[in-house]
Amino acid sequence: MSIMKTELQDWRDDTLAHMRALIREADPLVIEEQKWQKPSNPVGVTLFSHDGMICTCESYKDKVKLTFAYGASLPDPTGLFNAPGTGATRRAMDIREGDEVDARAFKALVRAAVARNVAVKKEKRK
């Protein structure tokens, strides 16, 4: 069973599974874990990381949201980041029922996030 399985048994589960697969294709070394469990959200939030946070994946009533921790510093030539109000550092994409995600552009975004994390880690070592 996927760690991201929410047991919603609807389009959101399918979307989460698809995005998880794309993330793993983009970076086979990605670490996936559940964080921030609480009574109102016992499943918690799925976090993907590689030398730092890449993105979180959450399911809402009307959308699946992927929030990139350092999205503001990543190239997004195809406009995947479509969620409002994510501040100066983070950027997010909302996927609604029936939305199609450009898999190639999304995987490039994941790879850019990993490259950013690796570069920052190398810089800190100096």
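Quantities reported herein were computed from a predicted structural model and do not represent experimental measurements. One-based numbering along the sequence shown.
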Linking I/L/V/M/F/W/Y whenever their side-chain heavy atoms sit closer than 4.5 Å, directly or via other members, would [X] and [Y] fall into one cluster?
{"X": "L74", "Y": "I95", "result": "yes"}
{"X": "F68", "Y": "M53", "result": "no"}
{"X": "V45", "Y": "V43", "result": "no"}
{"X": "L22", "Y": "W11", "result": "yes"}

Do [X] and [Y] come close enough that some side-chain heavy atom pair is under 4.5 Å?
{"X": "I54", "Y": "I23", "answer": "no"}
{"X": "W36", "Y": "T56", "answer": "yes"}
{"X": "F48", "Y": "R20", "answer": "yes"}
{"X": "L109", "Y": "C55", "answer": "no"}
{"X": "M19", "Y": "V101", "answer": "yes"}
{"X": "K65", "Y": "T67", "answer": "yes"}

Worksheet item: Short question: side chain of D51, backbone of N117 - any donor-acceptor pair under 3.5 Å?
Response: no
Item to complete: Starting from the C-alpha separation in whole Å, work towards a yes-or-no answer on side-chain contact (heavy atoms from CB on, under 4.5 Å) for C57 and V64.
Response: CA-CA 7 Å; C57 298; V64 168; 5.5 Å; no
Fill in: Distance (rounded to the nearest 0.5 Å) between D94 CG and K63 NZ
4.5 Å
Worksheet item: Nearest 0.5 Å, what's the CG-OG distance between D10 and S59?
Response: 7.0 Å
Fill in: Closest non-hydrogen atom pair between A105 and T78, with its separation
CB-OG1, 3.3 Å
Discussion item. Quick check: closest heavy atoms across P75 and P77, and the distance to 0.1 Å?
Written reply: C-CD, 3.5 Å
Salt bridge present between [X] and [Y] (N-O < 4.0 angstrom):
{"X": "D102", "Y": "R104", "answer": "no"}
{"X": "R96", "Y": "D62", "answer": "yes"}
{"X": "E32", "Y": "R24", "answer": "yes"}

Discussion item. I'd like to know whether D14 forms a side-chain contact (heavy atoms from CB on, under 4.5 Å) with R12, so could you lay out the CA-CA distance, the side-chain angles of the two residues, the decisive distance to 0.1 Å, and finally the verdict.
Written reply: CA-CA 5 Å; D14 295 339; R12 293 170 291 178; over 6 Å; no
Worksheet item: With no hydrogens and no angle check, do the side chains of T46 and Q34 hold a donor and an acceptor under 3.5 Å apart?
Response: yes
Discussion item. Check for me whether R91 meets the cation-pi criterion with F81, that is, NZ or CZ under 6.0 Å from the six-membered ring centre and within 45 degrees of the ring axis.
Written reply: no
Discussion item. Using side-chain contact (heavy atoms from CB on, under 4.5 Å), reason through L66 and F106 one step at a time and then give a plain yes or no.
Written reply: CA-CA 11 Å; L66 287 91; F106 180 74; 3.7 Å; yes
Worksheet entry | Worked verdict on E33 versus I31 for side-chain contact (heavy atoms from CB on, under 4.5 Å) | CA-CA 7 Å; E33 56 191 322; I31 296 169; 4.3 Å; yes
